[in-house]
Amino acid sequence: MGSQHGFGLARRIEQISGHRLSLNPGTLYPTLLKLEQEGYIASEWGTSDNNRRARFYHLTRAGRRQVEREERAWQDVTDIVARFLSPKAAR
Amino acid sequence: MRRVRAFGLRIAAMFGAGRTDAEIREELEMHRSLLAVEYERSGLTPEAARHRAAVELGNMSSISDTCRDQRGIPAIETAIRNVRFAGRQLLKSPAFTLVAIVGLALGIGANVAVFSVVNSVFLQPLPYREPDRLVRLASTNQENNLIRVGFSYSRFLEVQQRQQVFSDLALCASNAFTLTGRGDPEQVFGLRASAALLPTLGLQPIIGRNFSPAEDRPGGPRVVLISQQMWQRRFNRDGSVLGQALILDDAPYAIIGVLPEAATAFPLNQLQIWVPSPTEAAYLQALQGGGYYFKVIARLKPGVSLEQAREAMNVIAAGYRAAHSGNLDAPSTIELMPLLDDTVGARRQSYLLLFGAVGCVLLIACANIANLLLARFSGRRRDVATRFALGASRGDVVCQFVSESMLLAVLGAVVGVLLAEWALSAVVALGADLIPRVAEIRLNATALGFAVIATFVTGVLIGLLPALQVSGVNVLDALKDGGRGAIGSGRRLRASLLIFEVALSLVLLIAAGLLLTSLVRLQRVDPGFAPEDVFTAQIALPRHYSRDRLIGFYEQFYRRLGTLPGASSVALSDGVPLTGAQGRTVVAVAGRPLSPLSERATATRHLVSPRFFGTLRIPLRAGRDFDERDNTRVPHVVIINETFARRHFPGENPIGRTLVTGMVQLPAQVVGVVADIRGENLNTPPEPEYFLPVLQRPESRTNVLVRSQLPPAAVATLVREALRTFDPALPLLQPDALTTRIAQTLANRKLALMLLSAFAALALVLASLGVYSVMAHLVAFRTNEIGVRMALGESPGGVMRMVLSQACRLTVVGIAFGIVGALVVSQLMQQALFEVDPVDPLVYVAVSITLLLVAEAASFFPARRATRIDPVIALRTE
């Protein structure tokens with residue numbers, strides 16, 4: 001996934017979650033700011049599909065590493081929780 | 001790391017870095033239009049689509065607010081906004097701002113200055129290596145009222161041989177020298193210090209070296225260490241000073257080094273030189289018998305506590321008592337004091353008193369400015385109500401007001417610290433001979449830290465109460481009618497502030513009043529002699545004078561003085577009353593069992609010439625004065641004072657009896673009794689004293705006393721001429737009128753009184769300003785009521801009485817609280833008082849009445865304004 005503007009990100013999240021997750025702009029934009037301050041994403045101005053100026057966000061290298069870390073962590077968590085939820089399989 | 005980076009960016013954002021508000025807005029705008037496009041595609045009309053999009057996005061400004069909060073640091077941004085607003089408010093009324101800043105600058109500046117003095121003198125460690133391990137050893141004998149006096153040489157040797165608690169032990173004694181050979185003869189103060197003193201203190205010469213063991217021995221090579229000041233002043237910091245000679249007491253001393261500044265501030269005053277071998281031959285006589293001649297400084301070994309060292313000293317003192325029971329100091333105990341306590345401990349109380357006083361001044365200034373701020377904030381009631389209506393919390397409003405007071409405090413503090421810096425240089429210049437460690441006084445980091453705390457507390461104190469008062473506002477009432485409610489609010493707060501101010505200033509005024517009364521009573525004490533029209537100067541005769549030459553000098557010089565033109569009476573004496581400490585020594589009456597020296601009575605000893613009593617107008621009670629025939633060729637004689645006669649010859653005639661005088665135990669026959677005088681201090685009663693003829697006991701140091709109508713400078717010239725005919729190298733030291741010399745000894749007391757009076761006067765001015773502003777507000781608040789009263793026939797006089805009596809009531813309540821405070825404070829300052837009861841009713845009543853009159857005078861103007869209220873106008877505004 002390349003650069004994407006805020007609206008596009010919100011839509012992608014909705015799509016991927018099968019419309020079970022929808023992100024409020026009041027949450028989305030401050031979070032983008034925070035991630036940018038932490039250096040996980042970067043942004044620059046570009047032109048949108050309908051020829052308007054829009055801000056495009058993309059992951060930085062640090063951001064990609066962070067995604068990998070979070071994936072691994074999530075995998076660990078689900079593994080552990082799975083052991084508790086189906087104890088027989090674990091034994 | 002990420003957090004740090006994010007935090008850095010957020011701080012940078014406050015200074016305009018990162019995304020702008022417009023950019024955030026544009027991004028949200030974009031989001032909304034894309035939403036609208038989507039809805040339009042799903043079949044809505046463009047209008048409906050835009051509407052749906054706007055609804056879905058919600059409150060756009062609230063979102064951009066959240067973004068802004070994420071971008072920067074909200075608390076700091078609010079603070080900056082508040083300070084900017086406060087700055088604009090202050091600029092709007094420059095007169096108020098100026099008054100407030102000046103008031104706070106005086107208050108904070110005075111506090112910072114006094115704190116700097118207290119901090120530098122009492123709290124900062126002495127400028128030596130590990131100064132908390134340094135102690136002074138002293139002798140104390142409660143029975144003889146000898147508290148923490150010096151140390152004898154024999155006891156020093158005992159301690160040196162037996163102690164195991166000190167790593168270093170040094171001996172010294174102060175000494176004045178006559179410096180000749182470089183311009184006019186001059187007196188320099190110095191220290192005879194053992195070679196161990198510098199290492200004990202942990203100091204080293206700046207250039208050159210310390211005394212060697214060979215030099216630190218009686219009869220060793222004559223060498224001297226000079227002060228940095230002397231090096232600067234006399235040798236222009238030239239390195240070639242080493243090896244040059246100083247002529248001290250007519251003998252050449254080779255300069256072997258320059259002392260660091262810390263060494264010459266020791267113990268208190270600026271010393272100019274150090275000379276080795278404190279046990280020099282001139283003292284040898286004193287070394288026998290255990291006289292309290294030396295100052296002993298020691299450094300505790302690491303790990304040894306003060307308590308352990310004290311116990312060890314008790315053991316050694318007991319051993320000394322047994323082994324040297326005949327010695328003068330045998331019965332006394334050895335006392336150990338941390339060097340800092342010993343140096344400044346005695347002054348601590350009066351400085352704390354000053355610090356308290358200056359704190360009170362700041363509090364009064366705070367109360368005044370709080371009062372003014374209350375009036376200002378009340379005027380903004382409508383703004384406050386509007387902000388409440390727009391959703392501001394009470395905290396937001398209070399924060400905004402306190403920002404304003406804090407800004408005032410900070411501006412005041414900046415000016416105040418500059419004032420303090422200036423005041424400190426004045427204190428250092430004025431207090432050169434009065435304040436211990438004066439050279440170390442400066443505005444350091446600790447004092448600046450104190451200034452920051454004082455500023456913060458001041459800012460909160462002056463702003464918080466008014467802000468709380470004004471923000472406790474009823475929104476509806478304030479919006480409906482901004483006029484009346486605004487003035488009326490905070491009446492109780494104003495009255496309390498006024499009472500507080502009055503009470504504090506009364507405490508200060510009473511403290512100053514008690515000190516002033518003490519000084520006046522002290523100056524009125526009859527010293528028992530007449531110091532007016534008496535000229536004094538000191539002569540230090542060279543050590544190398546033989547005894548015959550000394551005798552010759554006294555006989556010839558005294559005769560020569562007798563022909564001094566314009567002098568009605570002339571005398572010589574080893575000391576001048578009321579100008580310094582006097583030496584006490586042992587004495588016994590011949591014919592009674594002679595007790596050992598250690599148990600013998602003590603009395604103050606003087607060496608005087610004939611007509612000493614006449615010159616000072618001290619009455620002779622019995623017997624005769626000395627005359628020229630009382631010289632070395634006839635049996636020795638002595639004159640005693642009345643206290644001596646009462647104590648040793650109760651109900652007997654002392655004339656013709658014989659005394660055994662001093663440690664050398666020379667007999668002398670009593671030939672006269674003179675009236676008591678206060679020789680040492682105006683505030684201590686006379687002690688037993690005896691006088692020996694200087695012509696029989698010539699010593700190398702003497703004072704000239706001349707009773708003459710001529711000005712002191714003229715007498716000095718005449719005496720100098722007389723001296724020159726005898727020996728041109730002899731200097732005349734400290735020539736001055738006796739009254740001037742005596743006044744100098746009261747300088748310390750006067751300095752304290754001057755500062756305290758200044759603070760009390762400042763407090764009185766501030767308090768009267770407070771009364772004025774509070775009464776002005778109360779009159780404004782009661783305008784309608786006064787209008788009604790006048791419409792109903794109240795006379796202007798009645799109105800004035802009403803206002804004045806209200807001021808009177810508030811002031812009296814303040815005075816009542818103030819008296820309670822003063823009762824407590826005056827107990828604490830008892831030590832500084834002389835013949836004044838801490839609850840002296842005269843002072844209390846006089847000060848209270850003064851304060852009440854000042855308060856009434858201050859409320860006269862508001863009262864007069866009240867009488868000029870036009871009932872018609874007053875009622876129309878209702």
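Residue numbers start from 1 in every chain, and the chains themselves are labelled A, B, ... in the order their sequence lines are given, proteins ahead of strands. Quantities reported herein were computed from a predicted structural model and do not represent experimental measurements.
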Worksheet item: If every non-hydrogen atom of A/G26 is compared with every non-hydrogen atom of B/T66, which pair is closest and at what distance?
Response: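 Where A/G26 meets B/T66 most closely, the heavy atoms are O-CG2, 4.4 Å.
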How long is the span from the [atom1] atom in [X] to the [atom2] atom in [Y], to the nearest 0.5 Å?
| X | Y | atom1 | atom2 | answer |
| --- | --- | --- | --- | --- |
| B/S64 | A/Y29 | OG | OH | 12.5 Å |
| A/Q37 | B/R10 | CD | CZ | 6.0 Å |
| B/H31 | A/L9 | NE2 | CG | 10.0 Å |
| A/W45 | B/E27 | CH2 | CD | 5.5 Å |

Over 12 non-hydrogen atoms of neighbours within 6.0 angstrom of [atom1] in [X]:
| X | atom1 | answer |
| --- | --- | --- |
| A/H58 | NE2 | yes |
| B/F85 | CZ | yes |
| B/R52 | CZ | no |
| A/R69 | CZ | yes |
| A/R53 | CZ | yes |
| B/E47 | CD | no |

Discussion item. Among B/I63, B/L34, B/N59, which residue has the highest count of heavy-atom pairs closer than 4.5 Å to chain A?
Written reply: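 Option with the top pair count is B/L34.
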Fill in: Heavy-atom side-chain proximity of A/E36 to B/L9 below 4.5 angstrom
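No; the side chains remain at least 4.5 Å from each other.
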Item to complete: Go through the steps for B/E23 and A/R55 under the test side chain to side chain contact (heavy atoms under 4.5 Å, CB included), then give the verdict.
Response: CA-CA 9 Å; B/E23 282 177 328; A/R55 203 167 182 94; 4.2 Å; yes
Worksheet item: What part of B/L28 is in contact with chain A, defined as an atom under 4.5 angstrom from a non-hydrogen atom: side chain, backbone, both or neither?
Response: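 Interface part for B/L28: side chain.
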Item to complete: Measure A/T27 against the heavy atoms of chain B and call it side chain, backbone, both or neither at under 4.5 Å.
Response: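 Answer is neither: A/T27 stays 4.5 Å or more from chain B.
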Discussion item. I'd like to know if B/E38 pairs up with A/R11 as an ion pair, taking the criterion as any Lys NZ or Arg NE/NH1/NH2 lying under 4.0 Å from an Asp or Glu carboxylate oxygen.
Written reply: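 Judged by the 4.0 Å cut-off on N to carboxylate O distance, B/E38 and A/R11 do form a salt bridge.
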